[in-house]
Amino acid sequence: MTTTNAGAAATAPEPSHRRILGAAMAGTAVEFYDFYIFATAASLVFGPLFFPQSSPEAQLLQSWLTFALAFIARPVGALVFGHYGDRIGRKATLVWSLMIMGVSTFLIALLPTYAVAGWIAPALLCLLRFGQGFGLGGEWGGAALLAVENAPKGKVARYGMFPQLGAPVGFILSNGLFLILGFILSDSEFREWGWRIPFVLSALLVGIGLWVRLRLTETPEFAAALEEAPPPGVPMAEVVRTHPRQLFGGTFAAIACFAIFYLSTAFALGYGTTKLGIAREAFLGIQLISILFMAAGIIVSGYWADRTSPARVLAIGCVALVGASFTTGPWLGSGDLLLTGMCLSLLLFVMGLVYGPLGAWLPGLFAARVRYTGASICFNAAGILGGALAPNIALKLSESGLEYVGYYLAAIALCSLAGLWMLRPAK
């Protein structure tokens, strides 16, 4: 960082930092709202609406496969947006990722069903789901860099937790809206047209997110990197050549948070409402309360990581997940609302511990000139390994008992610990 840039960062007025952190969190909140309304709708209504008539389990599996498609698109988006984010800057890239995500989400509201359009309906659903994943692939890395590359010394993890807080905010907006619709609409009204309302309203949230982001300036660290050397011609090639161990270890270290989240939300919602017979509104209410524990875990981890290190908090979170995973069978499988809520709250709090530090830890693995590409690839590749097929795998394992879903979570936690061990500092 040059002296000029360092002085500018040090003397930046406090409202400027609030605006930067607000933009980092608001954008990810909008993006994750869009992502979650699809996950919720996929668990509740997309099966019978967009796929041929068959058993409810088969339709749910098909619906979750379209949900998984976005995880395939996310690394593609990470490559494209990472390329331009490391070459032309963070701001423009963040604006375009938000626009692509928003347009894809809004168009889902206009889709015909299988009964109206046949195979065209699921094909269009898959196309737009790919667009959602493509946009989100460029979102997280840019938002994390926007926060940490503006962070004062000693507060990197606390700044890095703000993009992470966008996840529970987006989830609360998404599930809160579905919960309200469940109370004011009948089941038939919700299935026929009510599910479209959250997708339509995403346009308003995207407009707010764009307004906030268009007022930003470039980060000091990116400006300093451009002064030191021209941007890489192909950031992906450079990051693979210069940071292979960080790419591999960073990806595996991040898979635990995705597995926890999508098993505690998409899988739990589908399983709880179909297999356990819990009312949809009751389960959405439980998840809304549980997600507050995730937000608490993110905040705790941000302050804790600044006092110790992000890697240490991540490791402790993974160890905690091994223990928490054994509550899945007896608590979630009980069908009791209190025990179900306790299970989800515990798992999501632990998720906050492993998700919160990623905003500081993953960007810190890479040099500024290839940081957007490197962090984005790790985060989104981890999404494939940890979250893409997690609901489907869990549904299959649950046929032998929910305790096997817990064993699956514990195994994922051990994989993340292995990734962290790979990147341990040399003695």
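All of these numbers come straight from a predicted model, not from anything done at the bench. Just so it is clear, the values below take in all heavy atoms, side chains as well, and ignore hydrogens, waters and symmetry mates.
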Could you label the plane-to-plane angle of the Y36 and Y262 rings as parallel, tilted or perpendicular, counting under 30° as parallel and over 60° as perpendicular?
perpendicular
Main chain of G401, side chain of S398: is a donor-acceptor contact present, judged purely on distance under 3.5 Å?
no
For A29, check side chain to side chain contact (heavy atoms under 4.5 Å, CB included) against everything at least two apart and list the hits.
V169
Start with the C-alpha gap between I260 and L321, add the side-chain angles, then the distance that decides, and say whether side-chain contact (heavy atoms from CB on, under 4.5 Å) holds.
CA-CA 9 Å; I260 303 169; L321 175 58; 3.6 Å; yes
Decide side-chain contact (heavy atoms from CB on, under 4.5 Å) for L344 and F283; before the verdict, give the C-alpha distance in whole Å, the side-chain angles of both, and the deciding distance to 0.1 Å.
CA-CA 11 Å; L344 298 183; F283 209 98; 4.1 Å; yes
For a side-chain hydrogen bond (donor to acceptor under 3.5 Å, both in side chains) check, start with the C-alpha distance between T265 and Q287, then their side-chain angles and the critical distance, and finish with the verdict.
CA-CA 7 Å; T265 54; Q287 288 188 322; 5.4 Å; no
Backbone N/O of S186 and side chain of E189: donor-acceptor pair under 3.5 Å
yes
Would you name the heavy atoms of M161 and R158 that are closest together and state the gap between them?
CG-O, 3.0 Å
Just jot down the ring-ring contact (aromatic ring centres under 6.0 Å, His included) partners of F81, sequence neighbours excluded, or say none.
F134
Note, S416 side chain near V354 side chain (heavy atom, < 4.5 Å):
no
Nearest heavy atoms of G102 and S202, plus distance in Å
O-OG, 4.3 Å
side-chain contact (heavy atoms from CB on, under 4.5 Å) evaluation trace for M294 with F349:
CA-CA 4 Å; M294 173 183 163; F349 179 79; over 6 Å; no
Taking the side chain from R74 and the backbone from G133, do they hold a donor-acceptor pair closer than 3.5 Å?
no
Hey, are the side chains of P198 and L181 touching, using non-hydrogen atoms and a 4.5 Å cut-off?
yes
Do side-chain atoms of S301 reach the backbone of I298 as a donor and acceptor pair under 3.5 angstrom?
yes
From I299 atom CD1 to Q164 atom CD, the distance as rounded to the nearest 0.5 Å
12.5 Å
Minimum side-chain heavy-atom gap R87-P235 below 4.5 Å:
yes
Closest heavy-atom contact between D86 and R371?
OD1-N, 3.5 Å
Find out whether E139 and V30 are in side-chain contact, i.e. whether some heavy atom of one side chain is under 4.5 Å from a heavy atom of the other.
no
All heavy atoms of G359 vs all of A144, minimum pair found to be O-CB, 4.0 Å
Who passes side chain to side chain contact (heavy atoms under 4.5 Å, CB included) against L111, sequence neighbours left out?
F50, I108, L124, L125, L128
With A295, which residues qualify under side chain to side chain contact (heavy atoms under 4.5 Å, CB included), at least two apart?
L165, P168
If you measure from CE on M351 to SG on C257, what distance do you get to the nearest 0.5 Å?
5.0 Å
Can T105 and Q132 be counted as having a side-chain donor-acceptor contact under 3.5 angstrom?
yes
In this structure, CG of L276 is separated from OH of Y271 (nearest 0.5 Å) by 5.0 Å
Close side-chain approach of L332 to T327, heavy-atom, < 4.5 Å
no
Minimum-distance pair of heavy atoms, taken over all atoms of L339 and W331:
O-CB, 3.6 Å
Does any N or O in the side chain of N380 come within less than 3.5 Å of the main-chain N or O of G383, such that one atom is a donor and the other an acceptor?
no
What residues form a ring-ring contact (aromatic ring centres under 6.0 Å, His included) with F258, not counting sequence neighbours?
F379
Got a sec, which residues hit side chain to side chain contact (heavy atoms under 4.5 Å, CB included) with L397, two or more places apart in sequence or on another chain?
I393, Y404, V405, Y408
Side-chain contact test, heavy atoms from C-beta onward, threshold under 4.5 Å: evaluate it for F366 versus V239 and give yes or no.
yes
Backbone N or O of G89 within a donor-acceptor pair of the T93 side chain at under 3.5 Å?
yes
R90 to Y372, cation-pi by 6.0 Å centre distance and 45° axis angle
no
Show the nearest heavy-atom pair for residues G194 and L185, with the distance to one decimal.
CA-CD1, 3.7 Å
For the CG atom of L247 and the OG1 atom of T373, what is their distance to the nearest 0.5 Å?
9.5 Å
Is there a donor-acceptor pair closer than 3.5 Å between any side-chain N or O of S376 and the backbone N or O of A78?
no
Do R424 and W421 form a cation-pi contact, if we require the NZ or CZ to be under 6.0 Å from the six-membered ring centre and within 45 degrees of the ring's axis?
yes
Within 45 degrees of the axis of the six-membered ring of F190 and under 6.0 Å from its centre: does R280 put its NZ or CZ there?
yes
Spatial distance of atom CD1 (I197) from atom CH2 (W193) [nearest 0.5 Å]
5.0 Å
Rounding to 0.5 Å, atoms NE2 (H243) and SG (C378) come to a distance of 10.5 Å
Counting C-beta onward and ignoring hydrogens, is there a side-chain heavy-atom pair between L420 and F252 closer than 4.5 Å?
no
Would you check if I316 and V313 make a side-chain contact, meaning some heavy-atom pair closer than 4.5 Å?
no
Does CZ belonging to R245 count more than 12 external heavy atoms closer than 6.0 Å?
yes
W195-F46 aromatic ring centre distance below 6.0 Å
yes
For the pair T251 (side chain) and A381 (backbone), establish whether a donor and an acceptor sit closer than 3.5 Å, ignoring hydrogens and angles.
no
Could you please spell out the steps behind the side-chain contact (heavy atoms from CB on, under 4.5 Å) verdict for F261 and F171?
CA-CA 11 Å; F261 185 78; F171 183 88; 3.7 Å; yes
